[in-house]
There are 2 protein chains.
Amino acid sequence: MRKGRVSDAVIRRLPRYFRHLTDLELAGVVRISSSALGQSMGLTASQIRQDLSCFGEFGQQGYGYNVENLRREIADILGMRQGHTAVLLGAGNLGRALMENFHFERSGFTLQAAFDVCPEVVGVKMAGLTVRHANTLEEYLQEHPCDVGVLTVPRSAAQSMADRLIASGVKGIWNFTNIELQHGAGGVRVENVHFADSLLTLSYLISEGV
Amino acid sequence: MRKGRVSDAVIRRLPRYFRHLTDLELAGVVRISSSALGQSMGLTASQIRQDLSCFGEFGQQGYGYNVENLRREIADILGMRQGHTAVLLGAGNLGRALMENFHFERSGFTLQAAFDVCPEVVGVKMAGLTVRHANTLEEYLQEHPCDVGVLTVPRSAAQSMADRLIASGVKGIWNFTNIELQHGAGGVRVENVHFADSLLTLSYLISEGV
């Protein structure tokens with residue numbers, strides 16, 4: 001299905017396609033032209049055709065795209081039906097917010113376990129999971145191999161917890177710590193959530209003289 | 001300083017430039033070539049020169065960029081020294097995590113006040129601010145006009161709180177609710193933080209067959 005190397009920009013648009021197609025499907029839209037899809041996403045029709053051509057043949061000349069089919073294809077491309085699993089490290093405010101309010105399953109993930117070191121948090125039940133002590137992380141991951149570690153620990157613990165996740169064989173780290181993690185050549189993928197980048201974009205947009 | 005309309009992609013790279021230049025300055029780097037800066041950011045030298053040319057003349061042929069100067073220029077372009085202010089709506093787990101752990105001031109913002117409706121949260125002091133009742137929002141904003149509303153309320157309250165912020169004259173909304181807000185033609189800017197887009201990107205990267 002994949003055709004050679006896909007650019008980072010295209011990869012980052014895929015979740016947006018998925019999100020827009022989900023909204024369209026919920027709104028009862030059965031098919032859509034590339035120009036209409038582009039308009040709702042702020043892209044040109046030709047950019048959409050070019051993006052999707054990285055992954056195969058979608059849509060039909062004169063018909064456009066079947067919304068349900070395209071959404072399912074993109075879900076497959078995104079690996080949403082591979083049964084990915086995650087563990088969360090750091091059940092403080094942010095970790096707890098993700099556990100209780102973020103729908104991992106809508107992205108195809110199962111959150112399997114959460115870890116912390118604070119006595120006030122270890123043993124507490126959150127979103128159906130009892131928080132485990134972080135010193136049992138390796139033992140847990142040996143018995144329950146996991147695809148992704150969600151890193152919501154304080155900055156000071158970020159690199160050492162990342163190292164432990166990598167040594168335990170995770171494939172990816174979802175990094176909320178605002179630290180540029182060193183993750184070696186082992187092929188582990190790191191996806192950073194940079195809140196400040198987002199706020200600074202807004203800062204630019206509301207500033208005088210834009 | 002600004003030259004015409006700047007593309008969304010360039011705008012979104014500015015915070016990354018700022019972040020990388022901050023790291024370089026902290027590491028004691030005084031000047032850097034566009035190719036070295038590009039290498040550390042996964043961009044080509046010509047892309048960097050092109051990006052920065054949207055805003056004026058930076059750097060010097062054969063010398064490169066003075067790190068401190070370029071960082072300060074980008075901070076100005078991003079509006080980081082305009083004294084922006086923010087109020088936060090929804091002091092639940094996520095709101096509290098932002099209040100206690102996110103450094104608004106590093107992005108040039110002052111977080112002025114926080115609002116909620118839950119009796120367990122209203123009146124509680126978090127990060128130096130006493131959480132106010134949301135029914136005093138309009139009154140507060142009339143006395144203390146504010147640039148940005150940080151929206152960390154539950155989905156069900158998202159649109160109505162956004163409407164109230166807009167009616168009270170904010171210029172921007174930093175939206176964590178995963179709702180596509182309707183924000184009319186009033187010129188209010190909305191910046192969405194889509195956690196799922198980020199996790200789906202990671203899902204793609206760790207999936208079989210990439």
Side-chain angles (χ1 to χ4, degrees), chain A residues 1-2 6 8-9 11-12 14-16 18-19 23 42 77-80 82 84 86 92-104 106-109 147-148 150 152 154 171-174 180 189-210, chain B residues 1-2 6 8-9 11-12 14-16 18-19 23 42 77-80 82 84 86 92-104 106-109 147-148 150 152 154 171-174 180 189-210:
Chain A
M1 181 192 289
R2 313 283 164 75
V6 179
D8 193 54
I11 295 170
R12 297 206 164 264
L14 287 175
R16 284 183 61 210
F18 180 76
R19 189 151 41 80
D23 289 345
I77 293 167
L78 286 168
M80 294 176 68
Q82 298 195 5
H84 288 143
N93 287 316
L94 179 58
R96 189 166 192 154
L98 287 172
M99 290 176 74
E100 295 184 345
N101 304 123
F102 179 73
H103 299 282
F104 284 88
R106 290 192 195 156
S107 299
F109 279 76
D147 297 307
V148 162
V150 183
T152 49
K171 297 177 197 166
I173 295 177
W174 197 21
E180 298 280 338
R189 304 301 192 118
V190 174
E191 168 69 15
N192 299 301
V193 178
H194 283 298
F195 289 153
D197 284 15
S198 174
L199 183 59
L200 287 176
T201 301
L202 186 58
S203 173
Y204 174 87
L205 293 172
I206 64 168
S207 291
E208 302 299 325
V210 175
Chain B
M1 182 189 287
R2 314 281 165 77
V6 179
D8 192 56
I11 295 170
R12 296 204 164 268
L14 288 175
R16 285 182 60 210
F18 180 77
R19 189 151 41 80
D23 290 345
I77 294 167
L78 286 168
M80 293 176 69
Q82 298 195 3
H84 287 142
N93 288 315
L94 179 59
R96 188 166 194 155
L98 287 172
M99 291 176 73
E100 295 184 345
N101 303 124
F102 180 72
H103 299 281
F104 284 89
R106 290 193 195 156
S107 299
F109 279 77
D147 297 307
V148 160
V150 183
T152 48
K171 298 177 196 164
I173 295 177
W174 197 20
E180 296 281 337
R189 304 303 193 115
V190 175
E191 167 69 16
N192 299 300
V193 179
H194 283 298
F195 290 153
D197 284 15
S198 172
L199 183 57
L200 287 177
T201 301
L202 187 58
S203 173
Y204 175 87
L205 294 172
I206 63 167
S207 290
E208 302 299 324
V210 175

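Numbered from 1 within each chain, the chains take letters A, B, ... in sequence-line order.
Listed options A:Leu202, A:Leu200, A:Leu199 were ranked by heavy-atom pairs under 4.5 angstrom with chain B; first place goes to A:Leu199. Per-residue heavy-atom pair counts under 4.5 Å with chain B were compared for A:Glu100, A:Glu191, A:His103, and the maximum is reached by A:Glu191. Taking chain A as the reference chain and counting heavy-atom pairs below 4.5 Å, the highest number among B:Glu180, B:Arg106, B:Arg19 is found for B:Arg19. Put simply, of A:Ile11, A:Asp8, A:Val148, A:Leu94, the one with the most heavy-atom pairs under 4.5 Å next to chain B is A:Ile11.
If you measure heavy-atom distances from B:Val150 to chain A, you find no contacts under 4.5 Å at all. B:His194 touches chain A through its side chain: at least one heavy atom from C-beta onward sits under 4.5 Å away, while N, CA, C and O do not. Of the atoms belonging to B:Leu14, it is side-chain heavy atoms, and not backbone ones, that fall under 4.5 Å from chain A. For a residue to count as touching a neighbouring chain, one of its non-hydrogen atoms must lie under 4.5 Å from one of that chain's; by this rule B:Leu98 touches chain A with the side chain only.
Between B:Arg189 atom CZ and A:Tyr204 atom OH the span is 9.0 Å, to the nearest 0.5 Å.
Using the six-membered ring where Trp is involved, A:Phe102 and B:Phe195 have ring planes that are perpendicular, over 60° apart on the 30 and 60° scheme. Using cut-offs of 30° and 60° for the angle between ring planes, the A:His84 and A:Phe109 rings count as tilted.
Judged purely by atom type and a 3.5 angstrom limit, B:Ser203 uses its side chain to pair as donor or acceptor with the backbone of A:Leu78.
Here the closest non-hydrogen pair linking B:Ser198 and A:Val193 is OG-CG2, 3.5 Å.
Under a 4.0 Å N-O distance rule, the pair A:Asp197/B:Arg16 does not qualify as a salt bridge.
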